[in-house]
Amino acid sequence: MAAEQSVELFVRIAGVSGFLAVALGAYGSHGLKKKVDDKTYEVFQTANRYHFIHTLALLATPLTKHPTIVGSLLVLGMLGFCGTCYISTLSGSTTLYKLTPYGGMTLMAGWIAMAF
């Protein structure tokens with residue numbers, strides 16, 4: 001994938017991700033909060049906060065030396081961390097929680113890749 005295409009792709013992904021973060025945040029505040037216990041709601045809120053932060057970070061990928069690497073790590077990290085938290089809280093299943101730390105480590109790798 002050419003550098004310009006990857007930059008455009010990650011900005012588009014950030015747009016969709018931002019939309020999803022707002023939609024999920026609204027659902028969490030107006031629908032989910034009444035249906036789950038406080039601990040589950042806190043996990044959902046953490047996922048949503050990280051989702052927003054890393055969506056904004058994804059917008060910075062065009063400014064990095066290696067946008068394809070940085071963008072890929074951030075997207076995979078959001079799916080791995082935020083995605084597993086969302087799925088677990090919405091489904092009630094905790095089987096994906098074992099994958100959540102790998103998503104977090106991938107997010108950290110994305111930040112470090114941004115620095116170099």
Side-chain angles (χ1 to χ4, degrees):
M1 177 182 299
E4 296 84 25
Q5 288 176 323
S6 70
V7 166
E8 183 180 323
L9 175 65
F10 291 120
V11 171
R12 288 176 184 257
I13 291 170
V16 172
S17 181
F19 168 83
L20 290 172
V22 171
L24 286 164
Y27 173 71
S29 294
H30 300 289
L32 184 69
K33 188 174 186 176
K34 300 169 189 167
K35 298 178 183 177
V36 296
D37 60 55
D38 288 345
K39 182 169 174 52
T40 301
Y41 183 68
E42 184 179 332
V43 170
F44 186 91
Q45 289 296 92
T46 298
N48 194 241
R49 183 172 47 257
Y50 275 71
H51 187 173
F52 269 114
I53 292 166
H54 290 89
T55 294
L56 294 174
L58 194 57
L59 288 173
T61 57
L63 305 174
T64 66
K65 188 174 179 181
H66 305 286
T68 303
I69 294 170
V70 171
S72 297
L73 289 168
L74 291 175
V75 169
L76 289 172
M78 283 193 287
L79 289 171
F81 182 81
C82 304
T84 58
C85 290
Y86 283 141
I87 290 169
S88 296
T89 57
L90 295 172
S91 71
S93 171
T94 58
T95 50
L96 291 178
Y97 275 154
K98 62 184 171 219
L99 300 175
T100 305
Y102 296 106
M105 288 186 281
T106 306
L107 289 173
M108 289 187 274
W111 284 104
I112 242 0
M114 193 180 284
F116 295 100

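When reading the values below, keep in mind they use all heavy atoms of this one structure, side chains included, and skip hydrogens, waters and symmetry mates.
- Listed by first then second residue, pairs satisfying salt bridge (charged side-chain N to carboxylate O under 4.0 Å, His left out) with a partner in residues 11-28 read Glu8-Arg12, not counting sequence neighbours.
- Here the shortest heavy-atom pairing between Pro62 and Leu58 reads CD-O, 4.2 Å.
- Taking every heavy atom of both residues into account, Ala47 and Cys82 meet most closely at O-SG, 3.4 Å.
- No side-chain heavy atom of Val36 sits less than 4.5 Å from a side-chain heavy atom of Thr89.
- The side-chain hydrogen bond (donor to acceptor under 3.5 Å, both in side chains) pairs that include a residue from residues 70-80 number zero, where partners must be two or more places apart or lie in different chains.
- For residues 31-40, the pairs satisfying side-chain hydrogen bond (donor to acceptor under 3.5 Å, both in side chains) are Asp37-Thr40, with sequence neighbours left out.
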Side-chain donor-acceptor distances from residues 48-56 under 3.5 Å, at least two apart:
| from | atom 1 | to | atom 2 | distance (Å) |
| --- | --- | --- | --- | --- |
| Asn48 | ND2 | Ala21 | O | 3.0 |
| Asn48 | ND2 | Tyr86 | OH | 2.9 |
| Arg49 | NH2 | Thr46 | OG1 | 3.4 |
| His51 | ND1 | Tyr86 | OH | 2.9 |
| His51 | NE2 | Ser17 | O | 3.1 |
| His51 | NE2 | Ser17 | OG | 3.0 |
| His54 | ND1 | Tyr50 | O | 2.8 |
| His54 | NE2 | Trp111 | NE1 | 2.9 |
| Thr55 | OG1 | Ser17 | OG | 2.6 |
| Thr55 | OG1 | His51 | O | 2.7 |

Enumerate donor-acceptor pairs with a distance under 3.5 Å from any side-chain N or O in residues 97-110 to protein atoms, sequence neighbours excluded.
| from | atom 1 | to | atom 2 | distance (Å) |
| --- | --- | --- | --- | --- |
| Thr100 | OG1 | Thr84 | OG1 | 2.7 |
| Thr100 | OG1 | Tyr97 | O | 3.4 |
| Thr106 | OG1 | Tyr102 | O | 2.7 |

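- Considering only heavy atoms from C-beta on, Leu9 stays 4.5 Å or farther from Thr68 through its side chain.
- Grouped with Ile112 in one hydrophobic cluster are Phe116, the linkage being side-chain heavy-atom contacts under 4.5 Å among Ile, Leu, Val, Met, Phe, Trp and Tyr residues.
- Taking every heavy atom of both residues into account, Ala60 and Met114 meet most closely at CB-CE, 4.5 Å.
- Residue pairs meeting the ring-ring contact (aromatic ring centres under 6.0 Å, His included) criterion with at least one partner in residues 11-36, sequence neighbours excluded, are absent.
- Qualifying side-chain contact (heavy atoms from CB on, under 4.5 Å) partners for Thr95, counting only residues two or more places apart in sequence or in other chains: Ser93.
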